[in-house]
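Since we're looking at a predicted model, the values are computed, not measured.
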Amino acid sequence: MTIADYTTGLQFEYVTTYSLLRGLKWERALTAIRQEIAANRKLLLTAKAKQLLEVRQRLKLLHQGNNLEQARLTEGREAYNITATPIAMLQRQTADVNKLMAILETPLESHSYWMCGPVFRDALAFYDEKHQLMTVLNICFGCEQIQNESGVEIQADTTVYTALHQWFTALGHEIGANY
């Protein structure tokens, strides 16, 4: 499915942009995870035999469950990631949203397939008039990939990513060299 197909006819009241996996929340979450892992490794060295299995399981869960880059960005119909920070909330009938929709309606002519795994650091969450989340588009500028809240890839023309990068940056997203 293309981004133009996905967004055609999308009826929403407002869109909220999110920045995630960067900034202060990201740094604090990583620090907390590292400290928890270090404390459990230290405990592993001094634990009594009956505690070893529990400490090992806790460490395994810390490594698996706290991979913030690979964590689901959305759960069902709820937009969520512990590091997500809302940047802008824009009503449907504004110039910024009209520009966004024009970008998203770009026909697919050229699509890149990068060999990297996506790290979704920016997102668009669309809400209805009752403030219910309708859909989320998670965006990775590094490998030029968009996925919806269900993890389905939405294909977009390569020019869409350049235009979206500029659009997000103009709203205040701090998209750096590592995206």
Exercise. Measuring from Arg121:CZ to Ile139:CD1, what's the distance to the nearest 0.5 Å?
Worked result: 13.5 Å

For this session: Could you list the residues that satisfy side-chain contact (heavy atoms from CB on, under 4.5 Å) with Thr94, not counting sequence neighbours?
Result: Leu90, Gln91, Asp96, Val97

For this session: Would you name the heavy atoms of Ala47 and Val55 that are closest together and state the gap between them?
Result: CB-CG2, 4.5 Å

For this session: Using the test side chain to side chain donor-acceptor pair (under 3.5 Å), find all partners of Thr17 that sit at least two apart in sequence or belong to another chain.
Result: His173

Seminar exercise, completed: CD (Glu105) and CG (Asp157) are apart, to the nearest 0.5 Å, by 14.0 Å

For this session: Quick one: closest heavy-atom pair of Phe126 and Leu137, and the distance?
Result: CE1-CD1, 3.9 Å

Exercise. Can you find a pair of side-chain heavy atoms, one from Phe168 and one from Ile175, that are under 4.5 Å apart?
Worked result: yes

Ignoring hydrogens and angles, write down the donor-acceptor pairs under 3.5 Å from the side chains of residues 1-14, residues two or more places apart or on other chains.
from  : atom 1 : to     : atom 2 : distance (Å)
Thr2  : OG1    : Asp5   : N      : 3.1
Thr2  : OG1    : Asp5   : OD2    : 3.1
Tyr6  : OH     : Thr135 : OG1    : 2.5
Thr7  : OG1    : Ile3   : O      : 2.9
Thr8  : OG1    : Ala4   : O      : 2.5
Tyr14 : OH     : His131 : ND1    : 3.1

Exercise. Measuring from Tyr161:OH to Cys140:SG, what's the distance to the nearest 0.5 Å?
Worked result: 8.5 Å

Exercise. Are Leu44 and Arg56 close enough that some pair of their side-chain heavy atoms sits under 4.5 Å apart?
Worked result: yes

For this session: Spell out, as yes or no, whether a donor-acceptor pair under 3.5 Å connects the side chain of Asn138 to the backbone of Ala123.
Result: no

For this session: With sequence neighbours excluded, tell me which residues meet side-chain contact (heavy atoms from CB on, under 4.5 Å) with Ala102.
Result: none

For this session: Flag the pair Leu124 / Tyr18 as yes when at least one side-chain heavy-atom distance between them is below 4.5 Å, and no otherwise.
Result: no

Exercise. Has the side chain of Arg22 got a donor or acceptor atom that lies under 3.5 Å from a matching backbone atom of Glu174?
Worked result: yes

Exercise. Do Gln147 and Val152 come within less than 4.5 Å of each other through their side chains, counting heavy atoms only?
Worked result: no

Problem set entry | Under the side chain to side chain donor-acceptor pair (under 3.5 Å) test, residues paired with Thr169 that sit two or more places apart | none

Problem set entry | Exercise: identify the closest heavy-atom pair between Leu171 and Ile87 | O-CG2, 3.5 Å

Exercise. Considering residues at least two apart in sequence or located in another chain, which fulfil the side chain to side chain donor-acceptor pair (under 3.5 Å) criterion with Arg58?
Worked result: Asn40, Glu54

For this session: For the pair Leu20 and Thr85, evaluate side chain to side chain contact (heavy atoms under 4.5 Å, CB included) and give the outcome as yes or no after the intermediate values.
Result: CA-CA 6 Å; Leu20 49 152; Thr85 301; over 6 Å; no

Exercise. In Å and rounded to the nearest 0.5 Å, what is the CG to OG1 distance from Leu104 to Thr106?
Worked result: 7.5 Å

Exercise. Run the salt bridge (charged side-chain N to carboxylate O under 4.0 Å, His left out) check on Arg92 and Asp128 step by step: do they pass?
Worked result: CA-CA 10 Å; Arg92 172 66 181 105; Asp128 66 15; over 6 Å; no

Seminar exercise, completed: side-chain contact (heavy atoms from CB on, under 4.5 Å) filter on Lys99, not counting sequence neighbours, yields Ile103, Trp167

Problem set entry | Nearest heavy atoms of Pro86 and Thr16, plus distance in Å | CB-CG2, 4.0 Å

Exercise. Who passes side-chain contact (heavy atoms from CB on, under 4.5 Å) against Lys50, sequence neighbours left out?
Worked result: none

